[in-house]
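In what follows, a single structure is set out as structure tokens and then discussed.
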Amino acid sequence: MSNSGTVVAENAPPAEGRRRRITLPPLGVQVLIALVVGALLGVAAPAFSDELKIVGDGFIRLIKMTIVPLIFPLIVVSVARMESAKTVGRMATKALLYFEIVTTVILAFTLFAAFVSGIGKGANLGSVDPADTEGIGRSVDLKNLFLHIIPENVFASAGEGELLSILFFAVFLGMALTKIGDKAKPVVAVFDAVADAMFQMITWIIKLTPLAVVAFVAYNTAHYGWDLVVKLAVFVLVFYAAVLVVLVVLFPLIAVVFRVPYVRMLRAVGDLLFLSFVTRSSEVVLAPLIERLDKFGVDRKVSSFTLPLGYSFNADGATMYEGLAVVFLAHAYGVELTVPRLITTLLVLMLLTKGIAGVPSASIVVLFSAGATIGLPAEGIAILLAVDFVVDMARTGLNVTGNSLAALVIAKSEGRFTDRTKAADPAAEKVEV
């Protein structure tokens, strides 16, 4: 006690307690910083940035590695825990009907707006070099696409990441488990544990997102540049404007009709929507989106079933892109769009945009197929492919937003939605928008 230094030493906290842990900013802020760093890197060091593609590809592979082991047990568990096969059928019917109506409305709106505005007229596409389309299919075989839903070999389908086939088998297995009663409990418990393990793995992988964003943005800036975007600026700007109309007009109207809190949903999942926008991948946010909607109040049985189904059948952004691209190219190349041709285009795109998510370069394949029905030149489609990386960001973000709203709507209709933010926030909106 006589030594003041000793008194200080006795009262001082342990050395470990004095160490400050480095606290990282929220993931959304990290992604914004990564976005700026990637753009600067792409401009300042294009040669180095061009080689960063491997980093972004590696991140996407990590995510894809977990998709099948996550989706399969989630679907099996969600179906097995439903009251009956009738409940599964009712939910699937509601979801598919909702997907068909919404995507058809978006497609009809896009075709009408593009036709009336005359987008593409006077566009000088002859001076733009078409992108390489080698290896991309030019048509869709609807018969094979339908049969492809039924897997010949479940393990082969899982190995190829064929989401529709996996969904088909998982639903059947879940329904079978409901029929065998208590014998199914150990199996369901195992699938539940596997799904939880996959969620944990994805939590680790998501921490690498800022690094992946730097790589994606740097590569795109260095590899593609902005010359082509400038030449096709009208198409890009109109597409982004159309996406904005859907986000701030159509989706809020749907929310009003079904009395669901659209704005609060956007607040709850906004950072994930931004992440899907930057990475151009809806798969990256699938697992965290299920968890986030669960915390928001959507029953996990609904989100685990609806979101994977929506990834195949509810591509709102891709549907809008197809409609706008067809009209733009028709005007640019002087192809007359009569009413019968517009109706034909509408019907063809309604069919082709459903269940094609697992096809490589799906949007381009659909565009080639639809374009062939009204005589669009293949080189025009190839030119749009050159700016696909720009429109794909908005296309993916809209897809994810549409599927989040769909899960909310289906959950509300099933009585499986409890708005937890409303109770937590006294200032929450009184109008369910």
Side-chain angles (χ1 to χ4, degrees), residues 22-64 128-132 205-244 247-248 266-267 269-286 288-289 317-318 320-321 324-325 361 363-364 383-401:
I22 298 175
T23 303
L24 294 175
L27 183 62
V29 177
Q30 294 180 48
V31 170
L32 282 173
I33 295 171
L35 189 64
V36 175
V37 172
L40 293 175
L41 191 61
V43 173
F48 173 73
S49 299
D50 207 43
E51 299 300 323
L52 287 179
K53 186 174 186 293
I54 189 173
V55 177
D57 289 345
F59 177 75
I60 296 298
R61 278 176 174 261
L62 283 172
I63 293 293
K64 288 186 174 181
V128 182
D129 293 329
D132 182 17
I205 296 169
I206 289 296
K207 292 180 180 179
L208 301 174
T209 298
L211 181 62
V213 169
V214 170
F216 279 125
V217 176
Y219 171 77
N220 285 334
T221 303
H223 185 75
Y224 294 104
W226 297 98
D227 292 342
L228 284 170
V229 179
V230 171
K231 290 180 180 178
L232 293 170
V234 173
F235 176 79
V236 175
L237 289 174
V238 170
F239 178 73
Y240 270 74
V243 168
L244 190 62
L247 288 175
V248 303
L266 289 182
R267 290 175 185 167
V269 303
D271 57 331
L272 298 180
L273 301 180
F274 180 68
L275 179 58
S276 68
F277 176 86
V278 174
T279 60
R280 298 162 49 203
S281 173
S282 54
E283 293 173 331
V284 168
V285 299
L286 177 57
L289 189 60
M320 174 174 284
Y321 169 76
L324 187 67
S361 304
S363 294
I364 304 302
I383 287 171
L384 288 186
L385 179 58
V387 294
D388 192 63
F389 79 100
V390 180
V391 297
D392 192 33
M393 293 189 290
R395 190 167 63 207
T396 304
L398 186 61
N399 285 344
V400 175
T401 307

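The figures that follow rest on heavy atoms only: side chains count, while hydrogens, waters and symmetry mates do not.
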Using 0.5 Å steps for rounding, measure from the [atom1] atom of [X] to the [atom2] atom of [Y].
X      : Y      : atom1 : atom2 : result
Leu273 : Thr401 : CG    : OG1   : 4.0 Å
Phe239 : Met393 : CZ    : CE    : 10.5 Å
Ser276 : Leu398 : OG    : CG    : 10.0 Å
Tyr240 : Arg395 : OH    : CZ    : 10.0 Å

Query raised in the report: With sequence neighbours left out, which residue pairs that include part of residues 52-61 fulfil the salt bridge (Lys or Arg N to Asp or Glu O under 4.0 Å) condition?
Result: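 Residue pairs with at least one partner in residues 52-61: Lys53-Asp57.
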
Indicate yes or no: at least one non-hydrogen side-chain atom of [X] is less than 4.5 angstrom from one of [Y].
X      : Y      : result
Thr209 : Gln30  : no
Leu41  : Leu52  : yes
Phe59  : Val284 : yes

Restricting to non-hydrogen atoms, name the atom on [X] and the atom on [Y] that form the minimum distance, rounded to 0.1 Å.
X      : Y      : answer
Ala218 : Ser49  : O-CB, 3.4 Å
Gly56  : Ala215 : N-CB, 3.8 Å
Val285 : Leu272 : CG1-O, 3.3 Å

Report task. Could you please spell out the steps behind the side-chain contact (heavy atoms from CB on, under 4.5 Å) verdict for Val391 and Phe235? Result -> CA-CA 9 Å; Val391 297; Phe235 176 79; 4.1 Å; yes

Query raised in the report: side chain to side chain donor-acceptor pair (under 3.5 Å) with Thr396: which residues, sequence neighbours excluded?
Result: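 Once residues adjacent in sequence are excluded, the partners of Thr396 under the side chain to side chain donor-acceptor pair (under 3.5 Å) criterion are Asp392.
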
Requested in this report: Using salt bridge (charged side-chain N to carboxylate O under 4.0 Å, His left out) as the criterion, list what pairs up with Asp50, not counting sequence neighbours.
Outcome: none

